[in-house]
Novice: 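After the structure tokens below, expect a handful of questions from me.
None of these values were measured; they are calculated from a predicted model. Sequence lines set the chain letters: A, B, ... in the order given, protein chains first and strands last, and positions in each chain run from 1.
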Protein chains: 2
Amino acid sequence: MTTSDEDKDPQHFTPKRDTGCPIAFALDHFGDKWSLIIIRDLLMRGHETYGQFLQGDERIATNILASRLKHLEEAGLIHKQKNAKNRRSNVYGLTQKGLALAPVMLELVRWSANYDPNTKANPQIVARITSDREGLIKEIIQKRSGKTD
Amino acid sequence: MTTSDEDKDPQHFTPKRDTGCPIAFALDHFGDKWSLIIIRDLLMRGHETYGQFLQGDERIATNILASRLKHLEEAGLIHKQKNAKNRRSNVYGLTQKGLALAPVMLELVRWSANYDPNTKANPQIVARITSDREGLIKEIIQKRSGKTD
DNA sequence: CCTTTTAACTTGCTTTTTGCAAGTTATGTG
DNA sequence: CACATAACTTGCAAAAAGCAAGTTAAAAGG
């Protein structure tokens, strides 16, 4: 982890439901139908461009994608960088705050794998959530921490 | 845990986004602004009647509450029982499938407690998520498993 | 009993969010 | 220089959320 000046506090983000409840706080960040899909793409599938998100399995609409990316950025979960080599492509990445959702994501995977008879969750990963949860979390976070993170 | 005939498979529920992805599966169950609040009330606060949900901190609208309860029941996360003693009050409870969200819930609490400067999360609980996660999960599940569960 | 409360919803209507299709702009590419 | 493409934006229709009021059946009080 290089300590650059990223992940600065998003001054502009104030939760809607300001009750202090942790669940409500989380929902204010990603409590809609698409945000977690985007976070999944970033965290589990290595997607990092607008076009890659657009072509995900669930086919998010382009205007919704734009609005969710904006919201997630304002909420401090992701950041957008210009690609120095190719100035028309932007690269999205998870901040520390976003990467810290890995444990939540893995518990969701475990739960769904357990209750969805048609799950396509990778059995090896699912098994490892139980056998080596901490190791898996660290591995994922390391894998998805860009050099600029 | 008494093994009654509850928690039967909800034949009628088919996920909207049938991609096989565990995250999408989870979102089809509770990927909206209110479902997780209701599950929180059931799991962490011991709420179990319509009126209790209505009076939660976030003040869900009554028609939305009714529709979410119906959906959660169809999705097999909760069940509704008549109260034998008082026939006009219904008692809601989590099914096994719903109780199994405890780990997800706790990771959400941990994440939010960590990133919300104004969190009201109980510090003792938060500490225990790290020090005795498994024990805490079992304790919560046991506490919220009604006799009829 | 008979009136009043109350729990658990439902209905009607307005506002907000989502979704679809098409259009725009600034690069990049042959 | 013509064309392709990444990353959006805009306009409008459809769906969901939110608000206020109404309904129903059962319990509680007198």
Novice: Which part of the nucleic acid does A/Ser89 contact within heavy-atom distance under 4.0 Å: base, sugar-phosphate only, or nothing?
Specialist: sugar-phosphate
Novice: What integer distance in Å separates A/Ile60:CD1 from D/dA7:P?
Specialist: 14 Å
Novice: Does A/Asn90 put a side-chain nitrogen or oxygen below 4.0 Å from OP1 or OP2 of D/dA7?
Specialist: no
Novice: To the nearest Å, how far apart are B/Glu58 CD and D/dC19 P?
Specialist: 14 Å
Novice: Parallel, tilted or perpendicular: which fits the ring planes of B/His29 and A/Trp111, with parallel below 30° and perpendicular above 60°?
Specialist: perpendicular
Novice: Please give, in whole Å, the distance from D/dA6 P to A/Leu54 CG?
Specialist: 10 Å
Novice: It should be established whether B/Lys33 places a side-chain nitrogen or oxygen under 4.0 Å from OP1 or OP2 of nucleotide D/dG18.
Specialist: yes
Novice: Could you tell me whether the phosphate oxygens of C/dC9, OP1 or OP2, come under 4.0 Å of any side-chain nitrogen or oxygen in B/Lys80?
Specialist: yes
Novice: Aromatic ring centroids of A/His71 and A/Trp34 under 6.0 Å?
Specialist: no
Novice: Heavy atoms only: give me the nearest A/His79-A/Thr95 pair and the separation to one decimal.
Specialist: CD2-CG2, 3.6 Å
Novice: Just how far, in rounded Å, is P of D/dT9 from OH of A/Tyr50?
Specialist: 7 Å
Novice: Let's see if you can work this out: which of D/dG18, C/dA8, C/dT10 has an atom nearest to the side-chain heavy atoms of B/Thr49?
Specialist: C/dA8
Novice: Are A/Arg17 and B/Arg59 packed together at the side-chain level, in the sense that at least one heavy-atom pair is separated by less than 4.5 angstrom?
Specialist: no
Novice: Looking at D/dG18, I'd like to know if its phosphate oxygens (OP1 or OP2) sit under 4.0 Å from a side-chain N or O belonging to B/Trp34.
Specialist: yes
Novice: Of all the choices, D/dA21, C/dT27, D/dC8, which nucleotide is nearest to the side chain of A/Thr62 once you look at every atom?
Specialist: D/dC8
Novice: Looking at B/Arg68, does any N or O in its side chain come under 4.0 Å of the phosphate oxygens OP1/OP2 on D/dA17?
Specialist: yes
Novice: How long is the line joining CG of A/Asn63 and P of C/dC20, in whole Å?
Specialist: 9 Å
Novice: Looking at D/dA6, I'd like to know if its phosphate oxygens (OP1 or OP2) sit under 4.0 Å from a side-chain N or O belonging to A/Tyr92.
Specialist: no
Novice: Please figure out whether A/Arg59 or B/Ser67 has its closest DNA chain C nucleotide nearer the 5' end.
Specialist: B/Ser67
Novice: What is the distance from CD of B/Gln52 to P of C/dA8, rounded to the nearest Å?
Specialist: 8 Å
Novice: In whole angstrom, give the distance that lies between atom CG of B/Leu69 and atom P of C/dA8.
Specialist: 10 Å
Novice: Can you tell me the distance, in whole Å, between the CG atom of A/Leu27 and the C1' atom of D/dA17?
Specialist: 15 Å
Novice: Do A/Ile141 and A/Val91 land in one hydrophobic cluster if side-chain heavy atoms of ILVMFWY residues count as linked below 4.5 Å?
Specialist: no
Novice: Pick the nucleotide of DNA chain D nearest each of A/Ala66 and A/Arg88; which residue has the one closer to the 5' end?
Specialist: A/Arg88
